[in-house]
Asks: 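Starting off with a structure, shown below.
Numbered from 1 within each chain, the chains take letters A, B, ... in sequence-line order.
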Protein chains: 2
Amino acid sequence: MYICSMYSKELLKGTLGVIILKLLEENGKMYGYEICQKVKDISDGKILIKDGSLYPTLHKLLKDGILTTEEVNIGKRVRKYYTLTPKGKSEKKMVVQELEDFMETLNKIVFTDNKTSPAL
Amino acid sequence: MYICSMYSKELLKGTLGVIILKLLEENGKMYGYEICQKVKDISDGKILIKDGSLYPTLHKLLKDGILTTEEVNIGKRVRKYYTLTPKGKSEKKMVVQELEDFMETLNKIVFTDNKTSPAL
DNA sequence: TTTGATACATCATAATTCTATGTATATTTG
DNA sequence: CAAATATACATAGAATTATGATGTATCAAA
């Protein structure tokens, strides 16, 4: 897992957690590697979450009571499935709403002509 | 200049530079304080750039040859106007395009139901 | 005259992601 | 069968970037 995201890594900041929560709510339970692949698929390879970013984030969400884990043995390997806790579900709603608001505002600033409008 | 942005500060990461470049291209020249006020106005007070964030960013863009300055005396005060260099203009196009792409992708991931689509 | 707005600056801190590195199993391909 | 690639997790240190705190100074209004 060594390839680089197409986007400046800084743009992803603050959105990684939202992405994880959204996918987990949608799919019920997922394991780390699966999340990376899913994001890669949906984004057509444009967003590539590094494992060095993903696992620390998952551990933090776990510590904060947003997620729970369940270990499943696959052959000799242990696979860790993550699920949203009830707290995680409301947290998901919050951060998705926040992101939506923010993107709307950003749209107004960056993708709109603000020169002509005399404000009000 | 002490109030806090409505949004998690992490969401702003990577976008502050884009915002500055967009506003400067649109308005020709602006000074720091003016940029803060403009962003506040356009965003209805939702994005409040702190001076501790703005000035270091402006200095960095200056150092990188993205901006030039022009000092104007207003009474006894010196006001620093910033303008895009030619390099800055192409940089602006690049980062705005990058942000647009990223937001489109993020939309696909976070605001779309990805459960049903069997992904071709 | 004193409060708040205007206007700039910088340092230390916090937050977050990335790079690099490590371990180990499973599968595919030459 | 051997080697390469994919699967799957983990963590420490580095880099980036916005913020908080602090400082200086002018100007207008109450």
Asks: Assign B/Leu54 to base, sugar-phosphate, or nothing according to its heavy-atom contacts below 4.0 angstrom with the strands shown.
Replies: nothing

Asks: Looking only at side-chain N and O atoms, does B/Gln37 offer a donor or acceptor that is under 3.5 Å from a partner on B/Asp41?
Replies: no

Asks: Side chains of B/Asn73 and B/Val78, heavy atoms from C-beta outward: is any pair under 4.5 Å?
Replies: yes

Asks: Quick one: does NZ or CZ of B/Lys80 land under 6.0 Å from the six-membered ring centre of B/Tyr31, within 45 degrees of the ring axis?
Replies: no

Asks: When you measure from the side-chain N and O atoms of A/Tyr31 to the phosphate of D/dC9, is any distance below 4.0 Å, counting only OP1 and OP2?
Replies: no

Asks: Name the closest nucleotide to the B/Ser53 side chain, picking from D/dA18, C/dT6, D/dA10.
Replies: D/dA18

Asks: Between C/dT16, D/dT11, D/dC27, spot the one nearest the side chain of A/Lys60, thanks.
Replies: C/dT16

Asks: Are the charged groups of B/Lys38 and B/Glu34 less than 4.0 angstrom apart, N to O?
Replies: no

Asks: Can you measure A/Glu34 atom CD to D/dT7 atom P for me and round it to whole angstrom units?
Replies: 12 Å

Asks: Within less than 4.0 Å of OP1 or OP2 of D/dT7, is there a side-chain N or O belonging to A/Tyr33?
Replies: yes

Asks: In whole angstrom, what separates A/Leu12's CG from D/dT16's C1'?
Replies: 13 Å

Asks: Please report the distance, rounded to the nearest Å, between CG in B/Leu11 and P in D/dT19.
Replies: 11 Å

Asks: Using atom NE2 of B/His59 as one end and atom P of C/dA9 as the other, report the distance to the nearest whole Å.
Replies: 4 Å

Asks: Has the side chain of A/Lys13 got a donor or acceptor atom sitting under 3.5 Å from an opposite partner on the base of D/dT16?
Replies: yes

Asks: What is the separation between atom NZ on A/Lys80 and atom C1' on D/dT7, rounded to the nearest whole Å?
Replies: 16 Å

Asks: Roughly, in whole Å, what's the span from NZ in B/Lys50 to C1' in D/dT22?
Replies: 17 Å

Asks: Would you say the base of D/dT7 and the side-chain of A/Arg77 have a donor-acceptor pair closer than 3.5 Å?
Replies: yes

Asks: In whole Å, I'd like the distance from the NZ atom of B/Lys63 to the P atom of C/dT10.
Replies: 13 Å

Asks: Are B/Arg79 and B/Glu71 packed together at the side-chain level, in the sense that at least one heavy-atom pair is separated by less than 4.5 angstrom?
Replies: no

Asks: Nearest to the A/Arg79 side chain among D/dA8, C/dC8, C/dT17, which nucleotide is it?
Replies: D/dA8

Asks: Any side-chain N or O of B/Thr57 under 4.0 Å from OP1/OP2 of D/dT17?
Replies: no

Asks: Provide, to the nearest angstrom, the distance between the OH atom belonging to A/Tyr55 and the C1' atom belonging to D/dA12.
Replies: 17 Å

